[in-house]
Amino acid sequence: MLNWESIFATRSSRMKASEIRELLKLLDRPDIISFAGGIPDPELFPQAEFSQAYAEIFGGPAVSAALQYSVSEGYRPLREWLAKQMAALGIPATVDNVFITSGSQQGLDYLGKLFLSPRDTALVTWPTYLGALQAFNAYEPNYDQLNPGGNRTPEAYVQAAAEAGGRVKFAYLSADFANPTGETVDRAGRERVLDLAEELGIPVIEDAAYQSLRYDGEAIPPILALEIARKGDINSARTIYCGSFSKTLAPGLRVGWVCAAEPVIRKLVLLKQAADLHSSTINQMTICTVAERGFDEQVAKIHAVYKHRRDAMLAALDKYMPVGVTWTKPEGGMFVWVTLPKGTDGAELLAKSIQSAKVAFVPGRAFFADGSGENTLRLSFSCANDKMIEEGIRRLGDLIRGEVAQAA
């Protein structure tokens with residue numbers, strides 16, 4: 001028998017199974033109330049609009065182009081529409097600043113490949129998006145903590161990276177309703193991240209997967225918009241904006257985008273040519289049609305539903321959680337982040353919860369690059385109705401209360 005492990009590249013040892021992907025299997029169990037999967041509710045997909053768009057493509061002259069190879073940059077009408085959307089966010093961009101990816105996850109993988117050499121350092125928040133850690137891990141980096149509200153000096157980051165054997169290469173964060181915490185970085189924090197990046201001479205990767213999902217509070221300009229306001233031109237900016245249609249229209253079509261300075265876009269195009277040539281042409285065309293005809297209406301529809309579910313979860317947490325448990329109060333997105341009393345292990349709690357309470361969630365440790373955060377967990381409200389939220393949080397609260405009492 002061939003010893004495969006002896007032949008795999010060293011980077012393969014950094015590739016770990018996603019706890020979230022594994023937990024999604026629980027969605028098929030009717031006895032489990034799941035707050036685990038951070039996925040959109042399929043009942044909210046614009047199914048009729050997609051059906052019509054596909055039918056029009058297959059019934060007209062565009063079908064030949066839709067089924068053919070296409071350019072690596074992406075479907076031009078979609079890139080033009082996205083450039084207008086970026087402008088509305090305070091990001092004046094041309095079609096040459098927009099690059100289509102197979103979901104924003106592919107964009108993160110390409111950026112990791114583009115910037116990271118083994119032993120280089122990526123600055124990420126504690127906690128951060130698990131998918132970003134998975135994307136970057138293959139390129140064998142080290143991680144250091146990015147704290148938008150902190151006062152750590154650039155020199156300290158440089159020294160730590162040098163001691164780890166490399167250089168600081170980029171700062172990665174999700175500024176709006178982050179996965180997993182649901183928290184938003186305030187304007188001052190975004191400006192501090194830009195200041196730090198300027199002093200370190202590194203890019204900022206702005207993961208904006210949830211940017212459209214604000215339910216209340218005042219919108220804050222994207223980091224890229226703040227930087228363009230400083231410099232006057234996107235091609236002078238170091239911020240790389242990663243967007244996605246997965247949370248607004250549908251994830252199954254796998255259409256995301258990167259908006260950045262042209263030198264970055266040109267390099268990403270080369271990476272895509274070597275990887276998958278181009279994203280699905282017909283899916284890009286269909287996304288473009290549906291977005292042009294009713295993106296704002298679709299966003300308004302999901303806002304109403306998700307806001308209601310967020311409010312229901314926050315109310316249930318307030319009602320059922322024992323003293324000593326705290327949680328975030330997000331202004332948008334899909335997640336609430338729960339912090340348990342010290343000494344409570346989220347992974348152990350999940351095992352007991354699946355067995356006795358029949359409630360699923362994601363233990364928080366998976367979101368920390370250093371493996372800390374054992375007393376945290378992530379709850380998603382996006383696919384849970386009122387009854388599920390009320391009953392699931394009640395059960396979870398009872399379980400946590402028992403664990404805390406036993407520990408005492």
Exercise for the section: Give a yes-or-no answer on whether the side chains of Thr339 and Thr376 include a donor-acceptor pair shorter than 3.5 Å. Expected result: no
Exercise for the section: Using distance alone, with no hydrogens and no angle criterion, decide if Tyr129 and Gln105 have a side-chain donor and acceptor under 3.5 Å apart. Expected result: yes
Problem - is_close_aromatic(Tyr143, Phe136), centroid dist under 6.0 Å - result: no
Exercise for the section: Decide yes or no on salt bridge (Lys or Arg N to Asp or Glu O under 4.0 Å) for Asp195 and Arg230, but give the supporting numbers first. Expected result: CA-CA 11 Å; Asp195 292 340; Arg230 293 182 177 191; 2.8 Å; yes
Problem - Residue Arg293 excluded, over 12 heavy atoms near CZ under 6.0 Å - result: yes
Practice task
List the steps and the verdict of salt bridge (Lys or Arg N to Asp or Glu O under 4.0 Å) for Arg76 and Glu80.
Solution key: CA-CA 6 Å; Arg76 187 178 183 91; Glu80 291 172 343; 3.1 Å; yes
Exercise for the section: May I ask you to decide if the ring planes of Phe99 and Tyr110 are parallel, tilted or perpendicular, using 30° and 60° as cut-offs? Expected result: tilted
Practice task
Write down the atom of Tyr139, the atom of Lys113, and the distance for their closest heavy-atom approach.
Solution key: OH-CE, 3.2 Å
Problem - Pair Glu262 + Arg266, salt bridge at N-O below 4.0 Å - result: yes
Exercise for the section: Assess the side chains of Thr10 and Glu140: does a donor N or O sit below 3.5 Å from an acceptor N or O? Expected result: yes
Practice task
May I ask you to decide if the ring planes of Phe295 and Phe245 are parallel, tilted or perpendicular, using 30° and 60° as cut-offs?
Solution key: perpendicular
Exercise for the section: Please assess Lys272 against Glu73 for the test salt bridge (Lys or Arg N to Asp or Glu O under 4.0 Å), listing each intermediate value before the final yes or no. Expected result: CA-CA 8 Å; Lys272 195 163 184 66; Glu73 290 85 346; over 6 Å; no
Exercise for the section: Test Phe177 against Glu331 for side-chain contact (heavy atoms from CB on, under 4.5 Å), laying out the working first. Expected result: CA-CA 7 Å; Phe177 330 120; Glu331 295 180 330; 4.0 Å; yes
Problem - For Phe50, all residues meeting ring pair (Phe, Tyr, Trp, His ring centres under 6.0 Å), sequence neighbours excluded - result: none
Problem - Residue pair Thr94, Asn97: steps toward the side-chain hydrogen bond (donor to acceptor under 3.5 Å, both in side chains) verdict - result: CA-CA 5 Å; Thr94 71; Asn97 299 116; 3.1 Å; yes
Handout entry: Matching residue for Pro40 among Pro251, Ser382, Cys383 - test: side-chain contact (heavy atoms from CB on, under 4.5 Å)
Key = Pro251
Practice task
List in chain and number order the residues that pass side chain to side chain donor-acceptor pair (under 3.5 Å) with Glu206, two or more places apart in sequence or in another chain; answer none if no residue qualifies.
Solution key: none
Exercise for the section: Step by step, work out the salt bridge (Lys or Arg N to Asp or Glu O under 4.0 Å) result for Arg395 and Glu391. Expected result: CA-CA 6 Å; Arg395 295 182 195 174; Glu391 178 62 16; 3.0 Å; yes
Practice task
For atom NZ of Lys358, decide whether the heavy atoms of other residues, nucleotides or ligands shown that lie under 6.0 angstrom number more than 12.
Solution key: yes
Handout entry: Side chains of Arg254 and Thr101, donor plus acceptor under 3.5 Å
Key = no
